[in-house]
Asks: 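One structure, as structure tokens, below. Some questions next.
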Amino acid sequence: TMFIFAEWGKPLQSMGLVHIIGIVSALLFGILGGILAKRTKRPEKVYCITGIAFIVLEALKFIFIMVTDGTYPLDRIPFQICTVELFFLWAVPLVKNERIKKGMIAFTIIGLLAAVFYYVKPATIINANYIFLSFQPMLWHDLVIMIGVFSIVHYQIYGKKGKSYILDGYFFWLALTALAVVIDLITASTIPEAAINFFYLSPIQDSVTYPVLNLIFRKPQPYPLYVLGFIIYYSLGVLALYGLLTLIGNLRDKKTN
């Protein structure tokens, strides 16, 4: 038990050994996602098992924080682009509505985009005092990358074939963004001392988290413009990713033919 609660001897550095281990593990999990996609006959089972793995990882983190801190801060609730899959991925096999199911599946690609960005500066890994609290988010983001690659390869989410998936995933993401904004606004006005910062869109956060967007907005003000900027910013990211996947897919198809 003492090993579980072991702390780092000194602060971790960006691009230090632990950060590099994280990047290597992310690449390996991405490859694993591609292999699983080629071999599995029951893709929905993969989403369900990955979703359950997220729940287990989150439960372990919750227990760990309760034991070490005696309290669980509201801002630790896993409702960011990299973590929100916890709430729905396990349910993919249960959903009958085809568009919602496709939206859930395609959201994993938006999650993949966020997880790749995360590894540029993995704050939760580097800033953790405890070894467990560094490796829990590492494994989490690796699974996000794995399931994103799995979706792309298994459902061939590129070109004409992938357009409906990308659109359904995009509208699913927009709905979650709207929910995040509503919760952020309510908590900012009612409990500012414990305000929630879902999707990093809280109007009272000190600074803007997203790279490039933080060059335009030092703070999330004026708020409606910031939210609009975020939507445009992420939409361009999804569009660029879809374009890249389509390019790779077309080259691969030409090679196969």
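These numbers were taken from a predicted model, which means no experiment stands behind them. As a basis for the values below, the full set of heavy atoms in this structure was taken, side chains included, without hydrogen atoms, waters or symmetry mates.
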Asks: Just so I know, are the side chains of M15 and I23 near enough to count as touching, which here means a heavy-atom distance under 4.5 Å?
Replies: yes
Asks: Is the F62 ring parallel, tilted or perpendicular to the Y72 ring (thresholds 30°, 60°)?
Replies: tilted
Asks: CD1/I126 to OG/S14 distance, rounded to the nearest 0.5 angstrom?
Replies: 4.5 Å
Asks: Taking all atoms of both residues into account, what is the closest heavy-atom pair of I65 and T71, and its distance?
Replies: CG2-O, 3.3 Å
Asks: Nearest 0.5 Å, please: how far is CD1 in I20 from CD in Q13?
Replies: 11.5 Å
Asks: Let me check something: any side-chain donor-acceptor pairs from residues 127-140 under 3.5 Å, sequence neighbours excluded? List them with distances.
Replies:
from: N127; atom 1: ND2; to: A123; atom 2: O; distance (Å): 3.3
from: S134; atom 1: OG; to: W8; atom 2: NE1; distance (Å): 3.0
from: S134; atom 1: OG; to: I125; atom 2: O; distance (Å): 2.7
from: Q136; atom 1: NE2; to: L57; atom 2: O; distance (Å): 3.1
from: W140; atom 1: NE1; to: C82; atom 2: O; distance (Å): 2.9

Asks: Keeping the roles fixed (side chain from Q221, backbone from P203), state whether a donor-acceptor pair exists under 3.5 Å.
Replies: yes
Asks: Has the side chain of K219 got a donor or acceptor atom that lies under 3.5 Å from a matching backbone atom of Q205?
Replies: no
Asks: Linking I/L/V/M/F/W/Y whenever their side-chain heavy atoms sit closer than 4.5 Å, directly or via other members, would L179 and M104 fall into one cluster?
Replies: yes
Asks: Ring centres of Y226 and F230 under 6.0 Å apart?
Replies: no
Asks: Shortest non-hydrogen contact from A106 to I166?
Replies: CB-N, 4.4 Å
Asks: Please report the interatomic distance OG(S202) to CG(D184), rounded to the nearest 0.5 Å.
Replies: 5.0 Å
Asks: Show the numbers, then the answer: is there a side chain to side chain contact (heavy atoms under 4.5 Å, CB included) between F198 and I77?
Replies: CA-CA 8 Å; F198 288 168; I77 295 168; 3.8 Å; yes
Asks: Return the minimal non-hydrogen interatomic distance between P43 and T40, and the atom names on each side.
Replies: N-OG1, 4.1 Å
Asks: Do the ring centers of F150 and Y47 come within less than 6.0 Å of each other?
Replies: yes
Asks: Looking at side-chain heavy atoms only, is the closest gap between F64 and L60 below 4.5 Å?
Replies: no
Asks: Quick check: do K102 and S164 have side-chain heavy atoms less than 4.5 Å from each other?
Replies: yes
Asks: Assess whether side chain to side chain contact (heavy atoms under 4.5 Å, CB included) is satisfied between S207 and N214, documenting all intermediate values.
Replies: CA-CA 8 Å; S207 58; N214 57 15; over 6 Å; no
Asks: Report yes if the side chains of L74 and T187 come closer than 4.5 Å at any heavy-atom pair, otherwise no.
Replies: no
Asks: Side-chain contact, heavy-atom cut-off 4.5 Å: F29 with V144?
Replies: no
Asks: Should the pair E98-K101 be classified as a salt bridge under the 4.0 Å nitrogen-to-oxygen rule?
Replies: no
Asks: Starting at OH of Y223, measure out to CZ of F217 and round the result to the nearest 0.5 Å.
Replies: 11.5 Å
Asks: To the nearest 0.5 Å, how far apart are CD1 in I152 and CD in Q156?
Replies: 12.0 Å
Asks: Who passes ring-ring contact (aromatic ring centres under 6.0 Å, His included) against H19, sequence neighbours left out?
Replies: none
Asks: Tell me whether L185 is reachable from L225 by hopping between hydrophobic residues (I, L, V, M, F, W, Y) whose side-chain heavy atoms are closer than 4.5 Å.
Replies: yes
Asks: Flag the pair P220 / L201 as yes when at least one side-chain heavy-atom distance between them is below 4.5 Å, and no otherwise.
Replies: no
Asks: How close do E58 and P78 get, heavy atom to heavy atom, and via which atoms?
Replies: CD-CG, 3.6 Å
Asks: Does any non-hydrogen side-chain atom of T108 lie less than 4.5 Å from one of T50?
Replies: no
Asks: Can you check whether I21's main-chain N or O pairs, donor with acceptor, with S25's side chain at less than 3.5 Å?
Replies: yes
Asks: Nearest 0.5 angstrom please: L113 CG to Y242 OH, how far?
Replies: 15.5 Å
Asks: Just wondering, are more than 12 heavy atoms of other shown residues or ligands nearer than 6.0 Å to CZ in F79?
Replies: yes
Asks: Looking only at non-hydrogen atoms, find the nearest pair between A114 and Y234 and report the distance.
Replies: CB-OH, 3.2 Å
Asks: Are Y210 and I232 joined in one hydrophobic group, where the rule is that I, L, V, M, F, W and Y side chains link up if heavy atoms are under 4.5 Å apart?
Replies: no
Asks: Dump the intermediate steps for side chain to side chain contact (heavy atoms under 4.5 Å, CB included) on I196 and D75, then the final yes or no.
Replies: CA-CA 5 Å; I196 282 170; D75 62 5; 5.8 Å; no
Asks: May I ask you to test the Y158-I248 pair for a side-chain heavy-atom distance under 4.5 Å?
Replies: no
Asks: Using the rule that two of Ile, Leu, Val, Met, Phe, Trp, Tyr join whenever any of their side-chain heavy atoms come within less than 4.5 Å, decide whether L251 and V149 are in one cluster.
Replies: no
Asks: Could you walk me through whether M146 and L36 pass the side chain to side chain contact (heavy atoms under 4.5 Å, CB included) test, one step at a time?
Replies: CA-CA 9 Å; M146 182 201 82; L36 273 175; 4.1 Å; yes
Asks: Please say yes or no: joined through hydrophobic side-chain contacts below 4.5 Å, possibly via intermediate residues, are L176 and V182 part of one cluster?
Replies: no
Asks: Which heavy atom in G148 sits nearest to a heavy atom in I109, and how many Å separate them?
Replies: O-CG1, 4.2 Å
